[in-house]
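Everything quoted here is computed from the prediction, not taken from an experiment. Ligands are counted one by one from 1 in listed order, and the atoms in each one are counted from 1 as well.
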Amino acid sequence: MAQKAQSPRDFDAVVVGAGFAGLYMLHRLRGLGLSVRVFEAGSGIGGTWFWNRYPGARCDIESLEYSYQFSPELQQDWEWSERYATQPEILRYLEHVADRFDLRRDIELETRVRSAHFDEVTGGWAVETDRGSVSARFCIMATGCLSSTNTPAFPGIDRFAGPTYHTGRWPHEGVDFSGKRVGVIGTGSSAIQSIPLIAEQAAHLFVFQRTPNYSIPAHNAPLDPAQVRRVKADYAGFRAQNSQRPFGASFPVNEHSALQVDAAERAREYEARWQQGGLGFFTSFNDLILDRAANDTAAEFVRAKIHSIVRDPAVAETLSPRQVIGCKRLCVDTNYYATFNRPNVTLVDVSDAPIEEILPTGLRTARATYELDCLVFATGFDAMTGALLSIDIRGKAGQTLLDKWAEGPRTYLGLGTAGFPNLFLITGPGSPSVLSNMVPSIEQHVDWIADCIAYLRAQGRERIEATPAAEDAWVAHVNEVAGMTLYPSCNSWYLGANVPGKPRVFMPYLGFPPYVEKCNEVAAKGYEGFALG
Ligand code: N01
């Protein structure tokens, strides 16, 4: 059990969140001899992997890579069972990490941070939770990129008579859909993973699709012991190689343009990647997110696959996306498109006939009414900024983060934001985060922050803050890079476009290996772009 709070208390650092980021941050700071308190709103550790328990939830980065590398013993000892780990297996892994490194004694569960205010007098942070207040020199946000759920404000939503579920807040005891008429709203990654399994149980499943998504088969399987032996024989080498790849993951990158090769060669490459399965499809060629004509060739290949899998040509057409492939996060599935061949599954296109109202017994679109016993919101997250802005964060002169970010998030390297001294963000907006393998990106941020705090101590400094000039230049650079890609061409959560009223700004930074070099260079130059005090 976590220890209970006694307020007020003073710590060297407060960490908000006990997922992959918060757990490792605690471990590193403890290693520096700092007193640390971690606050976690959930009743257990695990963050994303605590909350997202919907049927079929699993990671689409391979398990041998979606894991910590800070402990060679841990990575040798832990045995993943499948190519892509399920949510329960990842949660078991994080529970093991918490026990193995004795982390639980500094974690307070079921404790939500309400506010964090910078105190000009002490130069530290006053942090208020729903169970009391603490103070700390450093405040570190390990709140996750996809943790604040988004449920559209459909009229009548509170009058629905049956149970409703959000994929990102799934009941721990599971849900039995047997004999039920189920409605799933949304067709992003969470929907694409859960729909095939819900369809196997439900009497009838209605899928309400506003925008079709591209999905690549996972070809999940038990891990091959020979592959595990090979990786474990040189785990450090495997990690080092991945760290040099565009997304920090092992999928091979083809260094050619899709337009440099002929149609037959393109088809061979796409087919090989399709058979291999997973997100590596997107590195079939090096210009898929840069050049519309190149992108069209990949998009067309997937559309043809959809038509070859789905028997009803009209349904296949409705499932076929028209936007740039990869513009919205690419999905990875097991039997997604084939599920629409089942007689108990109906695809409802709500792109031109939106959901107008939730009724006590179902929902009504602009075209028809559907009778439903339960409703699943697979409607995603207020990504990257939602969890941060749900906390009343105030920096110098009482400036709120909400005000500062009113026109979109502004950070330096995604690690800090001007006007908020001693506040660190782990995988904040402006860092590669969701455009990279999250676990290595988290470790890189945690190591950078821990090294920074150690440096401040060694230099007798108490304060660090991004300078407005460094921040302005970084924000301009992040936007410039995004502007060179096809990412801004569709409505995605990367742009905040899924949440009504959210400023349309491309939030992650594309450029994983160069980003790490930049962070290292900043540190080597005595934290260039930060003011130390
Ligand atoms: O959420 P999403 P998600 N009416 O935002 C629809 C990660 N993840 O939870 O596209 C009707 O992608 C919305 O439609 P549209 C991964 O990074 C990873 O699925 O806005 N529909 C969309 O179809 C992923 O990208 C894994 O037109 C509405 C859906 O809801 C991210 O989490 C697994 C609507 C939301 O899709 C988020 O995925 C799961 C409305 N008013 C998640 N509002 C793996 O590792 C929204 N929608 C495998």
Checklist line | Verdict with supporting geometry, Q75 and F70, side-chain contact (heavy atoms from CB on, under 4.5 Å) | finding: CA-CA 8 Å; Q75 66 179 5; F70 70 84; over 6 Å; no
Checklist line | Neighbouring residues of ligand 1, heavy-atom cut-off under 4.0 Å | finding: Y54, R58, C59, D60, L146, P152, F154, I185, G186, T187, G188, S189, S190, Q193, R210, T211, K328, R329, A378, T379, G380, F381, W493
Next item on the list: Return the orientation label for the F247 and F251 ring planes: parallel under 30°, perpendicular over 60°, tilted otherwise.
Entry: tilted
Margin query: For F177 and W170, take the angle between the two ring planes, folded into 0 to 90°, and tell me which bin it lands in: parallel under 30, tilted 30 to 60, perpendicular over 60.
Written below: tilted
Next item on the list: Establish, yes or no, whether the cationic atom of R410 lies under 6.0 Å from the six-membered ring centre of Y412 and within 45° of the ring axis.
Entry: no
Next item on the list: Determine whether W274 and P217 make a side-chain contact, defined as any pair of heavy atoms from C-beta on separated by less than 4.5 Å.
Entry: yes
Check: Going by the angle between their ring planes, with limits at 30° and 60°, are H477 and W474 parallel, tilted or perpendicular?
Finding: tilted
